[in-house]
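Each ligand, and each atom within it, is numbered from 1 in the order the structure gives. Sequence positions, counted from 1, serve as the residue numbers for this chain.
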Amino acid sequence: MAAVRMDGRALAAKIRAQVAQEVAAFGEPVCLATILVGDDPASHVYVGKKHEASAEAGIDSRDHRFPADTAEGDVLELIEELNADEAVDGILVQLPLPPHMDEPKVTRSVDPAKDVDGFHPLNAGRLFLGEPLHVPATPLGVMALLAEYGVELAGCEAVVIGRSEIVGKPMAMLLLAANATVTICHSRTADLAAHTRRADVLVAAVGRPGLVTPAMVKPGAAVVDVGVTRTESGLVGDVDPAVFEVAGLMTPVPGGVGPMTIAMLLRNTLAAARYRRLGLAVSGS
Ligand code: NAP
């Protein structure tokens, strides 16, 4: 029997509507500022979608775009202004930055209270300590999908492929916090299939189409495909679509994790407004 499709578009729409209601009830404007440097077409599309989604949820947004040859100091100066601006709740620096910029230096200059991407070391550290403030939106979206489809995480074997700071590591931390037994695999993992075949929950976040084949998946497992690669035939994930015949639940690409990332970014922005203005925590809840 084919896997149940975990519909990220439907759940994201539900979350966005909920955020819109909560923003209206908040009673004060909520504002997200984005910074984009360079002319990477995919980044322009992503930032455009974030602004559309913000507007739909009643979140104001500020769109700062710089040419690729902008000096790092100019971007740092803008971040400093946005950090100090009482009206701005969330700041997002779209990655990748051009090669002449020190990416960690730029992302770490964002005030941790406004760091709706959850990339700042203080936010990463809080997640590690089990006291999350802002958590990266993509792994949060995966957790929301698993919850929506009733996947029992306590005691399960969870395998995450990928160990980036944006997806793999925070994903593993969230699964661990939900009492899963977590294995993190990466490019130096000796026998990837031996790990993935044990997984009740398998999350692939690599960026290599077809990396996960049906033979690597435990029958009935929940398989979440975070990977996105642009090909001539459109966007493809890390998981071979034939895995639908083996898994119990699976996300499609597109229409799985992608829409969830944007929905969780909006939720993070509202959480940042609440946190800063009312002293209320916590995103990720
Ligand atoms: P990344 O920083 O390039 O990390 C990729 C990870 O995959 C690394 O940890 C790498 O291992 C590991 N890896 C590479 N080849 C491997 C292999 N053959 N076997 C096992 N592991 C391997 O990428 P990222 O930023 O985490 O993003 C991962 C994917 O998710 C990309 O396709 C990206 O486009 C997508 N993504 C999607 C969303 C969304 O909203 N849908 C959001 C963010 C990212 P090493 O650490 O050893 O190099």
Side-chain angles (χ1 to χ4, degrees), residues 5-9 11-13 15-16 34 40-50 52-53 92-97 99 103-104 107 116-119 124 127 134-146 158-175 182-199 202-213 215-217 223-231 234-240 243 250-268:
R5 193 169 165 276
M6 289 192 267
D7 187 343
R9 274 197 194 114
L11 179 58
I15 292 171
R16 284 163 58 167
T34 65
D40 175 44
S43 293
H44 280 266
V45 171
Y46 290 142
V47 168
K49 283 187 177 173
K50 288 168 188 177
E52 267 171 43
L92 177 151
V93 180
Q94 184 67 37
L95 302 180
L97 290 169
E103 215 164 78
T107 55
V116 284
D117 263 336
F119 295 167
L127 178 61
H134 296 312
V135 177
T138 300
L140 267 188
V142 174
M143 294 302 282
L145 268 173
L146 292 171
V159 173
V160 179
I161 318 176
R163 56 174 164 179
S164 72
E165 264 100 65
I166 298 169
V167 190
K169 281 181 190 165
M171 187 73 252
M173 284 298 130
L174 291 172
L175 289 165
V182 183
T183 303
I184 306 175
C185 299
H186 45 77
S187 67
R188 308 290 291 273
T189 296
D191 184 353
L192 183 62
H195 295 284
T196 59
R197 274 197 293 265
R198 284 190 298 104
L202 177 61
V203 181
V206 177
R208 289 192 51 170
L211 177 73
V212 177
T213 61
M216 293 167 72
V217 174
V223 178
V224 180
D225 193 352
V226 180
V228 178
T229 304
R230 273 163 209 283
T231 68
L235 296 183
V236 295
D238 291 339
V239 181
D240 181 337
V243 170
M250 184 163 150
T251 56
V253 176
V257 175
M260 293 301 297
T261 297
I262 295 186
M264 301 320 267
L265 168 69
L266 300 182
R267 190 181 262 185
N268 279 356

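- Ligand 1 places these atoms under 4.0 Å from at least one heavy atom of Thr261: 39 (C), 40 (O).
- Close approach of ligand 1 to Gly162 is summarised as follows: ligand atoms under 4.0 Å from at least one heavy atom of the residue are 6 (C), 7 (O), 9 (O).
- If you number the atoms of ligand 1 from 1 as listed, the ones under 4.0 Å from a heavy atom of Gly258 come out as 40 (O), 41 (N).
- One distance of note links CD of Glu103 with CG of Leu95; it measures 4.5 Å at 0.5 Å rounding.
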Please test Leu211 against Leu192 for side chain to side chain contact (heavy atoms under 4.5 Å, CB included), starting from the C-alpha separation and ending with a verdict.
CA-CA 10 Å; Leu211 177 73; Leu192 183 62; 4.2 Å; yes

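- Atom-to-atom distance recorded for Leu92:CG and Thr107:OG1 is 11.0 Å, nearest 0.5 angstrom.
- Nearest-residue assignment for atom 32 (O) of ligand 1 (options Val226, Ile184, Val228; heavy-atom criterion): Val228.
- Remark: among candidates Met264, His186, Arg208, the nearest residue to atom 20 (C) of ligand 1 is His186, based on non-hydrogen atoms.
- Residue, atom and distance of the protein heavy atom nearest to atom 2 (O) of ligand 1 are Ser164 CB, 3.4 Å.
- Distance alone, capped at 3.5 Å, is enough to place a donor-acceptor pair between the Ser164 side chain and the Val167 backbone.
- Considering backbone and side-chain atoms together, Thr229 places no N or O closer than 3.5 Å to any N or O of ligand 1.
- The number of heavy atoms from other shown groups lying within 6.0 Å of CZ (Arg208) does not exceed 12.
- With hydrogens and angles disregarded, no donor-acceptor distance shorter than 3.5 Å links the side chain of Thr251 to the backbone of Val257.
- The CE atom of Met216 sits 8.5 Å away from the CG atom of Asp191 when rounded to the nearest 0.5 Å.
- Within ligand 1, the atoms closer than 4.0 Å to a non-hydrogen atom of Ile161 are 20 (C), 21 (N), numbered from 1 in the order shown.
- By heavy-atom distance, the residue among Pro209, Pro170, Ala205, Ala204 lying nearest atom 28 (C) of ligand 1 is Ala205.
- Near Val167, meaning under 4.0 Å from any of its heavy atoms, are these atoms of ligand 1: 26 (O), 43 (C), 44 (C).
- Closest to atom 31 (C) of ligand 1 among all protein heavy atoms lies Gly207 CA, 3.8 Å.
- Where the criterion is an N or O separation shorter than 3.5 Å, residue side chain and backbone included, Asp238 fails it with respect to ligand 1.
- One option in Pro96, Gly168, Ser187 has a heavy atom closer to atom 17 (C) of ligand 1 than any other, and that option is Ser187.
- Side-chain atoms of Asp240 do not come within 3.5 Å of backbone N or O of Val212 as any donor-acceptor pair.
- Neither the backbone nor the side chain of Thr189 comes within contact range of ligand 1; no heavy atom lies under 4.0 Å.
- Residues Arg230 and Leu235 are in side-chain contact: their nearest non-hydrogen atoms beyond the backbone lie under 4.5 Å apart.
- When hydrogens are left out, the protein atom nearest atom 9 (O) of ligand 1 is Arg163 N, 2.8 Å; that is the closest non-hydrogen contact.
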Would you check, one step at a time, whether the test side chain to side chain contact (heavy atoms under 4.5 Å, CB included) holds for Met143 with Leu175?
CA-CA 8 Å; Met143 294 302 282; Leu175 289 165; 3.9 Å; yes

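- Scanning Leu235, Ile166, Val206, Thr138 for the heavy atom closest to atom 23 (O) of ligand 1 points to Val206.
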